[in-house]
Every structure is written in structure tokens, then in C-alpha cells.
**Student:** 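Questions regarding the structure given below will be posed in turn.
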There are 2 protein chains.
Amino acid sequence: MTAEKRAAGRPRRIEKQQIVDVARRILQEEGVQALSMRRVAKEVGATPMALYHHVRDKDELLMLTLAGLAASIPRPELPADPRERVLVTALHIFTGLSGFPWAVDVLGLGELTDKGALWMPEEIIASCIACGQTHEEAVHTYRTLWYFLYGALRFTTAEARRAADPDRRPFFPNLLTPADADELPHLTSLSADWQELTRGYDIAVQLRAMIDGLLPPAT
Amino acid sequence: MTAEKRAAGRPRRIEKQQIVDVARRILQEEGVQALSMRRVAKEVGATPMALYHHVRDKDELLMLTLAGLAASIPRPELPADPRERVLVTALHIFTGLSGFPWAVDVLGLGELTDKGALWMPEEIIASCIACGQTHEEAVHTYRTLWYFLYGALRFTTAEARRAADPDRRPFFPNLLTPADADELPHLTSLSADWQELTRGYDIAVQLRAMIDGLLPPAT
DNA sequence: ACCTGAACACCGTTCAAGT
DNA sequence: ACCTGAACACCGTTCAAGT
């Protein structure tokens, strides 16, 4: 079904793949806020408008950068127990995407784009069914896990970005004062070692507990 | 401690509160992508640069729009059972923020800004402790619930936005073809009624299950 | 102290024209 | 078919000056 390319008309000077590659490099090196159509055009050696002959708009270009990303991450060994497979696959999504903060931003656009990533929802849904869930329940469980992973990735990467910023000043440093101890006793007593508590957060522990609640009890 | 305002210098023409109010109205009516400093300045009857005398930058203005939001939402009746209190409070966060999609975007900036919202983490952490968790575990549980709620809100509001768009065309309509049935059997068989499965997703059911897994078993 | 004006260095995208 | 050039309608923010 792959038709020969017609040689009619003007020969193309820039390839779609080239555009996507440049975009992905900018995203990886400088993040999503650094990517602009004009910047990509310049680095690809063309006019901004030349890009629009290859992609519909900026959102499409962003989503195209996701293609092939999953294939570049080594697939993990999956255990035999289906419950453990859910955990390991979910953790793999988290650790895999941790290295690509820009991908989390792009995934927020809400459209599936990378076919090579689909084995992960497939695996989780299949394992949930193997654990005794109906097909519908399994889809819901996957969705719940994805919402959690997305949120965790968002705040983890955002915090890492802010930590890397040399001249960051908190916007509201003293939202909580000792005077709030009456109304908010736990938050005030915990606010001192909030940073340490954040470090102690273990995504694997949380995922395991979540999965325990979401899946039917083991037989 | 509230010092009298010095009347020295030029009298102010625009009040900070006025700026924040206009910004919040734009956010509520047209969403976060419609808010610009220049737009706010115009509607407030001033130069773009006048705003910078009252706020540090656009991010600070965005975060200021959150102040007082929680107080505008009626506080729910909380049940006596601490486990149920966690659920009801978490659900309240979800339903409360569902009406303010822009607030979800602003919360993604990652800084706490609305003091009136702090009773919710306080309540969840206190209830988790009442259920037998340590202070540290309770903070982790809250964080896990928040990550999930944030992800759920993100995708729910994004989907609602796209559904409201009159001329939306999916970017990648046929990512999954019948030929993928070998590799991705569940996804291909489920893709037909994916919309219906999405409608059947019940956040209360998922939260209850999550909480069951996260909290120690009831005595 | 508070605000203006001009400027800098950008954006995404449409449209008409060229090869 | 593919690309350019010019234009439209915007951005956030700095800086020097005015009252």
C-alpha cells in the first residue's frame, strides 16, 4: 500500500522528519517553553511558514515529537504475577517519562500519539483482567493509575525545574504562620520538615498500595 | 500590625485587588490562554507596565487569582468516620475545582497560594492519622490523592474543552488498526466503545478503592 | 510612589505570490 | 508541490522618564 512518491511539482527542501527531529532536540535540551515554530524553522534552515506545509499547527508538531519515544526506552522484564506486572509497568511509565519532562507537557494535550507506547496500557489492562477485573473495570483502573502517574510526573518535574533555577524566590513564603496552629495544627507542625517529608515520598510504595485497593483481593 | 498607608508620593490610580479581579474574570470566562498582561492592563484602564508595580510578573498574578477561591465554595458536611472524611474531602476537591478549569492550570505552577484551601489537606492528613497512619504516612497519602485528583481534573477539563470546540479534528484518528489485534488485543477490541467506557468512569468509586489500599485496614 | 512611552525581542498563523 | 515575503495581531518585560 506504500505508493511511490510522485516527483511532480517542486522538489522538497526540508523533510518532515527533519522538522520533528529538530523540535525534539529543542524540547529535550531546553524544555517546552523554548519551542517555537520560528525557532524550529530557523534551525532547519527555512521560513516559519515552510513548516506549515508539513504539519497542521504547533500542537501537531508537539505530538509528533512523541512518536518513537517509547521504543527508545528499554522494555522492562515483567514478572509472572499479574498484580506485580501492573506495578512494574506503572513504575516503568513513571521512570521512563522522568527523563523526558517535555513529554509530560505534550501528553497533557490529551491525544494518543506514540504507537510504541501502547504496550503499556495493554499490559496493565490485560493484567488487571488476569487479576479478576472485568474489561470495563480494567480500563478504569488503568485510567486511575495514569491520572496518578501524570500528576506525580507533573509536580516532580516542575519541582526539579524550580530547584535548578538559580534565582528562584518563593512567591508566598509565609502563607502559614504559627498563629494558624489552632485551625491547621498538622500543617503548621509539619511545615518545618516539609522538604524532608517530600524526599521520603516513594512512588513505588504508593503505587503498590493504590493497586492493592484497586484490584480485587488475591485469591 | 496593619500599618496606616503612607500618603506620600503619587496617589495610586489602580488597586491591586482590581487587577486580580479583572484577571480572574478573564480566566473564568475565557480560560488561561486568554489571559495576558496587556489584556488585563487594557481592561483595567492602564498601561501594561502599570501592572508590574503591583505584581512581580505574570505567574504571581496568576497565583493571586487563586486567593479566596476556596472560600467561595460551600464547605461540605463531613461524616464522623475518618475514612469517609478522607473520601468526602477528596471528592470535594475534585467537584470544587471542576467548576474552575483555569484554577487547575494555575495550581500546576506548584505553589500554595490560597490559605482558605488549606483546611482540605489538613482534614485529609488529620483523618489519615485518625485511621492509624503516622504523620509521615499521612502526608504521603495526601500527596498521592492530590496527584491523582490533579491528573483527573487535567484530563477531564481538557476533554470538556475539546468537546466544546466546534471544529476539532483528531490529530491521529487511526492510530490503532484491526491489524494490531495480535500485539494489542485488548486495546483494539476496546477501542470501539472507548467513549462509553470513559463515561462509565466514576471518580468516587476509584477514590474509595485507592483510599482502601492506602489506609491501614479498618479495625 | 506610581504610572507612561517607547522599545526589545519575540510569538502563531493567514494570505498572495513565486518556482 | 513546496517554499518565500510581507503582514496581522499579538506576547512578557526592561528601562528611562514624567508627575
Side-chain angles (χ1 to χ4, degrees), chain A residues 3-20 22-23 26-27 30-65 102 105-106 108-109 161 165-169 171, chain B residues 3-20 22-23 26-27 30-65 102 105-106 108-109 161 165-169 171:
Chain A
E4 285 289 303
K5 236 168 224 156
R6 281 166 298 140
R10 188 173 173 170
R12 57 157 59 85
R13 275 193 36 217
I14 53 177
E15 294 291 334
K16 184 168 181 173
Q17 194 52 53
Q18 190 189 355
I19 296 170
V20 175
V22 166
I26 294 170
L27 287 168
E30 303 178 48
V32 76
Q33 89 293 335
L35 188 109
S36 71
M37 297 300 272
R38 298 175 113 102
R39 169 87 185 272
V40 173
K42 188 188 287 179
E43 297 210 15
V44 101
T47 295
M49 281 319 298
L51 307 185
Y52 286 87
H53 225 269
H54 298 87
V55 299
R56 184 200 293 174
D57 55 18
K58 191 185 176 181
D59 274 358
E60 184 176 274
L61 176 54
L62 280 171
M63 297 195 291
L64 285 169
T65 61
W102 56 271
D105 293 307
V106 178
L109 297 174
R161 247 194 296 266
D165 187 9
D167 47 50
R168 57 148 182 171
R169 303 159 288 174
F171 284 93
Chain B
E4 286 288 302
K5 236 167 224 154
R6 282 165 298 140
R10 188 173 172 168
R12 59 157 58 86
R13 276 192 36 216
I14 53 175
E15 294 291 333
K16 183 169 181 172
Q17 193 53 52
Q18 190 187 357
I19 296 169
V20 175
V22 167
I26 294 170
L27 287 169
E30 302 178 47
V32 77
Q33 90 294 337
L35 189 111
S36 72
M37 299 299 272
R38 297 175 113 103
R39 169 88 184 272
V40 173
K42 188 187 286 181
E43 297 208 16
V44 101
T47 295
M49 282 318 298
L51 306 185
Y52 287 86
H53 224 268
H54 298 86
V55 299
R56 185 199 292 175
D57 55 19
K58 192 185 177 182
D59 273 0
E60 185 177 273
L61 176 54
L62 280 171
M63 297 195 291
L64 285 169
T65 62
W102 55 272
D105 293 308
V106 178
L109 297 174
R161 246 193 298 265
D165 188 9
D167 46 50
R168 57 145 181 174
R169 302 159 288 173
F171 285 94

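Labels below follow one simple rule: chain letters A, B, ... track the order of the sequence lines, proteins then strands, and each chain is numbered from 1.
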**Student:** Rounded to the Å, how far apart are B:Gln33 CD and D:dA9 C1'?
**Tutor:**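 From B:Gln33 CD to D:dA9 C1': 16 Å.
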**Student:** Heavy-atom distance under 4.5 Å between the side chains of B:Val32 and B:Leu62, does that happen here?
**Tutor:**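 Side chain of B:Val32 against side chain of B:Leu62, heavy atoms only: contact under 4.5 Å found.
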**Student:** Can you list every pair that meets salt bridge (Lys or Arg N to Asp or Glu O under 4.0 Å) and has a residue in residues 30-50 of chain B, with sequence neighbours left out?
**Tutor:** B:Arg25-B:Glu43, B:Glu30-B:Arg39, B:Arg39-B:Glu43
**Student:** When you compare C:dA9 with D:dC8, how far apart are their P atoms, in angstrom units rounded to a whole number?
**Tutor:** 22 Å
**Student:** Let me confirm one number: the CG-CG distance from A:Asp105 to A:Leu35, rounded to the nearest 0.5 Å.
**Tutor:**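 Between A:Asp105 CG and A:Leu35 CG, I get 11.0 Å after rounding to 0.5 Å.
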**Student:** Would you say B:Met37 and B:Met49 make side-chain contact, with heavy atoms under 4.5 Å?
**Tutor:** no
**Student:** Calculate the interatomic distance between B:His53 atom NE2 and D:dT13 atom C1'; express it in whole Å.
**Tutor:**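 One finds 14 Å between C1' of D:dT13 and NE2 of B:His53, rounded.
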**Student:** Taking a pair as Watson-Crick (N1 to N3 plus N6-O4 or O6-N4) or G-U wobble (N1-O2 and O6-N3), both under 3.5 Å, which stems of 3 or more consecutive pairs involve DNA chain C?
**Tutor:**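 Stems (3+ consecutive pairs) listed as C:4-8 with D:12-16, C:12-16 with D:4-8.
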**Student:** Between protein and nucleotides 14-19 of chain D, map the contacts as a letter string: B base, S sugar-phosphate only, - none, heavy atoms under 4.0 Å, written 5' to 3'.
**Tutor:** BB--BB
**Student:** Any side-chain N or O of B:Arg12 under 4.0 Å from OP1/OP2 of C:dC2?
**Tutor:**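 Yes, B:Arg12 has a side-chain N/O under 4.0 Å of OP1/OP2 on C:dC2.
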**Student:** Would you say A:Arg13 reaches D:dT4's phosphate, i.e. side-chain N/O to OP1/OP2 under 4.0 Å?
**Tutor:**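 True: A:Arg13 side-chain N/O within range (under 4.0 Å) of D:dT4 OP1/OP2.
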**Student:** Heavy atom of residues 36-45 of chain A under 4.0 Å from DNA chain D: which residues?
**Tutor:** A:Arg38
**Student:** Among pairs that include at least one residue of residues 53-63 of chain A, which meet salt bridge (Lys or Arg N to Asp or Glu O under 4.0 Å), considering only residues two or more places apart or in two chains?
**Tutor:**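 Checked against salt bridge (Lys or Arg N to Asp or Glu O under 4.0 Å) - neighbours excluded - no pair reaches residues 53-63 of chain A.
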**Student:** What is the minimum heavy-atom distance between B:Val20 and B:Leu64, and which atoms define it?
**Tutor:**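 Nearest pair, atom of B:Val20 first, then B:Leu64: CG1-O, 3.7 Å.
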**Student:** Could you tell me whether the phosphate oxygens of C:dC3, OP1 or OP2, come under 4.0 Å of any side-chain nitrogen or oxygen in B:His54?
**Tutor:**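 For C:dC3, OP1 or OP2 has a side-chain N or O of B:His54 closer than 4.0 Å.
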**Student:** Measure the shortest side-chain to side-chain distance between A:Ile14 and A:His53 over non-hydrogen atoms and say whether it is less than 4.5 angstrom.
**Tutor:**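 The answer is no, as the side chains (C-beta and beyond) never meet within the 4.5 Å cut-off.
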**Student:** Between A:Trp102 and A:Ile26, is any pair of side-chain heavy atoms under 4.5 Å apart?
**Tutor:**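 No - every pair of side-chain heavy atoms lies 4.5 Å or more apart.
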**Student:** Enter the distance from B:Leu51:CG to B:Ile19:CD1 here, rounded to the nearest 0.5 Å.
**Tutor:** 5.0 Å
**Student:** Atom CD of A:Glu15 and atom C1' of D:dC3: how far apart are they, to the nearest Å?
**Tutor:**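 Distance check: A:Glu15 CD to D:dC3 C1' gives 14 Å.
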**Student:** Over how many whole Å does the gap from A:Lys58 atom NZ to D:dC11 atom P extend?
**Tutor:** 15 Å
**Student:** If I take atom NE2 from residue A:His54 and atom CD from residue A:Gln17, how far apart are they, to the nearest 0.5 angstrom?
**Tutor:**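 Nearest 0.5 Å value for the NE2-CD distance: 11.5 Å.
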**Student:** Whole angstroms only, please: what is the CD-C1' distance between A:Gln18 and D:dC2?
**Tutor:**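 Interatomic distance, CD of A:Gln18 to C1' of D:dC2: 14 Å.
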**Student:** Please state how far atom CG in A:Asp59 lies from atom P in C:dG12, giving the value in whole angstrom units.
**Tutor:** 11 Å
